[in-house]
Amino acid sequence: MSNRDDRVLSILKILDEHPRISVKRLIELTGESTSTMRRDLIILEEAGKVRRSFGMVTVLDDTNVEFTSPFRYRTCVEEKKTICRLLAKEVLKDNLAMFIDPSTTAAYLPEYLPDLNNLRIITNNLRLTTNANKMDNLSLFVVGGTLRPNSDSLLGSHAIQDIGMFRPQLAIVSCNTIDYTGAYVTDMEQAEIKWQMMKNARESILLVDHTKFHSEYSDYIHLADLSSWSTIITDARPKNASLLKMKQLGVKVIYPGFK
């Protein structure tokens with residue numbers, strides 16, 4: 001395959017169907033060499049995704065690991081697009097100003113914005129910026145900061161300072177996991193960006209796909225309580241207990257087929 005992220009994604013797709021599989025069979029299914037497979041499995045093992053033992057590979061439960069942005073951008077693509085479509089249809093409107101965080105979910109948003117006018121976006125999301133580059137119905141302010149390799153985002157004190165200049169209607173952010181105690185992320189610098197956006201916006205929207213709900217291993221940096229968001233948008237109907245909890249907190253939940 002073309003690069004490491006593509007290879008690892010291919011392995012994870014196979015492991016999704018076969019949670020325990022031999023290394024030999026993985027090599028047969030992917031067409032990779034033994035040495036390349038060994039390197040890719042070391043990456044997954046160090047990330048806490050798999051365990052290798054006696055020629056076998058076993059999937060482990062999710063842990064607080066931050067994969068590269070290019071890798072995450074190519075996972076759960078349809079789920080991400082569903083969330084962006086719902087955001088554009090149910091929340092966004094003409095003449096809005098908004099922060100958008102560096103999530104790979106939000107990077108898919110531009111393709112759902114052609115029918116909206118005079119949108120003003122403040123972001124450190126480089127992939128979103130690239131995807132929106134030729135759109136003339138919106139204006140983009142890209143904050144300054146330090147570019148971390150494979151993050152597709154600008155981070156650090158300069159980015160936070162730039163964000164502090166604005167007070168838009170919305171902050172659109174994401175997280176790594178979510179449970180009854182709130183939303184969590186794995187990276188402190190990313191968390192600081194999201195905190196500043198939420199602090200300066202009049203209203204905050206959380207984008208979270210169904211795989212992130214109630215993970216057995218919550219990520220360790222507490223982003224915010226659930227009540228910090230006016231709206232949570234996801235790609236599938238959450239469990240009744242989750243919907244009840246969010247209703248009690250006054251949080252609107254948008255998902256396909258919601259009423």
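Every value quoted in this text rests on a predicted model; they were computed, and no experiment measured them.
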Start with the C-alpha distance between L206 and I233, add both sets of side-chain angles, then the distance that settles side-chain contact (heavy atoms from CB on, under 4.5 Å), and finish with yes or no.
CA-CA 6 Å; L206 180 66; I233 304 177; over 6 Å; no
Which pair of non-hydrogen atoms, one from A132 and one from L140, has the smallest distance, and what is that distance?
CB-CD1, 3.9 Å
Less than 4.5 Å apart, any side-chain heavy atom of L128 and any of I100?
yes
Are more than 12 heavy atoms, taken from residues, nucleotides or ligands other than R237, located less than 6.0 Å from that residue's CZ atom?
yes
Side chains of S33 and T36: does their closest heavy-atom pair fall under 4.5 Å?
yes
Verify, without hydrogens or angle tests, whether D40 (side chain) and V8 (backbone) share a donor-acceptor contact under 3.5 angstrom.
no
Do we see a donor-acceptor contact under 3.5 Å between the side chains of T58 and R20?
yes
Does any N or O in the side chain of T82 come within less than 3.5 Å of the main-chain N or O of E78, such that one atom is a donor and the other an acceptor?
yes
By side-chain hydrogen bond (donor to acceptor under 3.5 Å, both in side chains) - contacts of E79 (at least two apart):
none
Are the side chains of L41 and M37 in contact, using a 4.5 Å heavy-atom criterion?
yes
Among the clusters formed by ILVMFWY side chains lying less than 4.5 Å apart, do L29 and L9 turn up in the same one?
yes
Keeping the roles fixed (side chain from N200, backbone from F166), state whether a donor-acceptor pair exists under 3.5 Å.
yes
Hey, does V208 have a side-chain heavy atom less than 4.5 Å from the side chain of F213?
yes
For V57 and L26, the nearest pair of non-hydrogen atoms, with its separation, is CG2-CD1, 4.0 Å
How close do Y112 and P114 get, counting heavy atoms only, and between which atoms?
C-CD, 3.3 Å
Short question: side chain of K212, backbone of C175 - any donor-acceptor pair under 3.5 Å?
yes
Kindly compute the distance separating CD (E45) from CZ (R51), expressed to the nearest 0.5 Å.
9.0 Å
Side-chain (D101) to main-chain (T123) donor-acceptor, under 3.5 angstrom:
no
Just by distance, do the side chain of E32 and the backbone of I27 share a donor-acceptor pair under 3.5 Å?
no
When hydrophobic residues are tied together by side-chain contacts of less than 4.5 Å, even through go-betweens, does I122 share a cluster with L126?
no
Just by distance, with hydrogens left out, do S151 and S153 show a side-chain donor and acceptor under 3.5 Å apart?
yes
Rounded to the nearest 0.5 Å, how far does CG of L154 lie from CD1 of I193?
8.5 Å
Looking at S227, is its backbone amide N or carbonyl O close enough to the side chain of D225 to form a donor-acceptor pair, meaning the two atoms are under 3.5 Å apart?
no
Minimal heavy-atom distance between H210 and A236, with the atoms involved, is CB-CB, 4.1 Å
If you group Ile, Leu, Val, Met, Phe, Trp and Tyr by side-chain heavy-atom gaps below 4.5 Å, do I178 and I172 land in one group?
yes
Please round to the nearest 0.5 Å and tell me the distance separating atom CZ of F99 and atom NZ of K199.
11.0 Å
Report the distance from atom NZ of K80 to atom CG of L109, rounding to the nearest 0.5 Å.
14.0 Å
Shortest non-hydrogen contact from R148 to D187?
NH1-OD2, 2.7 Å
Beyond-backbone contact of I21 with M56, side-chain heavy atoms, under 4.5 angstrom:
no
Answer with yes or no whether the hydrophobic clustering places V185 together with I160; edges join I, L, V, M, F, W, Y residues whose side-chain heavy atoms lie under 4.5 Å apart.
no
Looking at S228 and A224, would you say the former's side chain and the latter's main chain have a donor-acceptor pair under 3.5 Å?
no
Check the pair T30, I14 against side-chain contact (heavy atoms from CB on, under 4.5 Å), reporting the backbone distance first and the verdict last.
CA-CA 9 Å; T30 61; I14 294 170; 3.6 Å; yes
Heavy-atom side-chain proximity of L223 to K194 below 4.5 angstrom
yes
Answer yes if V173 and M188 sit in the same cluster of Ile, Leu, Val, Met, Phe, Trp and Tyr residues linked by side chain heavy atoms under 4.5 Å apart, and no otherwise.
yes
How about R52: does its CZ atom have over 12 heavy atoms from other parts shown lying under 6.0 Å from it?
yes
Euclidean distance, M246 CE relative to I232 CD1, rounded to 0.5 Å
5.0 Å
Does L249 form a side-chain contact (heavy atoms from CB on, under 4.5 Å) with W229? I'd like the steps, not just the answer.
CA-CA 10 Å; L249 293 171; W229 290 281; over 6 Å; no
Check: L116 main-chain N/O paired with N137 side-chain donor or acceptor under 3.5 Å:
yes
All N/O donor-acceptor pairs, side-chain side in residues 84-96, below 3.5 Å, sequence neighbours left out:
unit_1: D94; atom_1: OD1; unit_2: N117; atom_2: N; d: 2.8
unit_1: N95; atom_1: OD1; unit_2: N118; atom_2: ND2; d: 2.9

Minimal non-hydrogen separation, D162 against G144, with atom names:
OD2-N, 2.8 Å
State, with a plain yes or no, whether a side-chain heavy atom of K252 is found less than 4.5 Å away from one of F258.
yes
For A106, is there any backbone N or O sitting under 3.5 Å from a side-chain donor or acceptor partner on N125?
no
Can you list the steps and then say if V251 with S230 is a side-chain contact (heavy atoms from CB on, under 4.5 Å)?
CA-CA 5 Å; V251 180; S230 63; over 6 Å; no
Atom CG of N133 and atom OG1 of T129: how far apart are they, to the nearest 0.5 Å?
8.5 Å
Do I83 and D209 have side-chain heavy atoms sitting under 4.5 Å apart?
yes
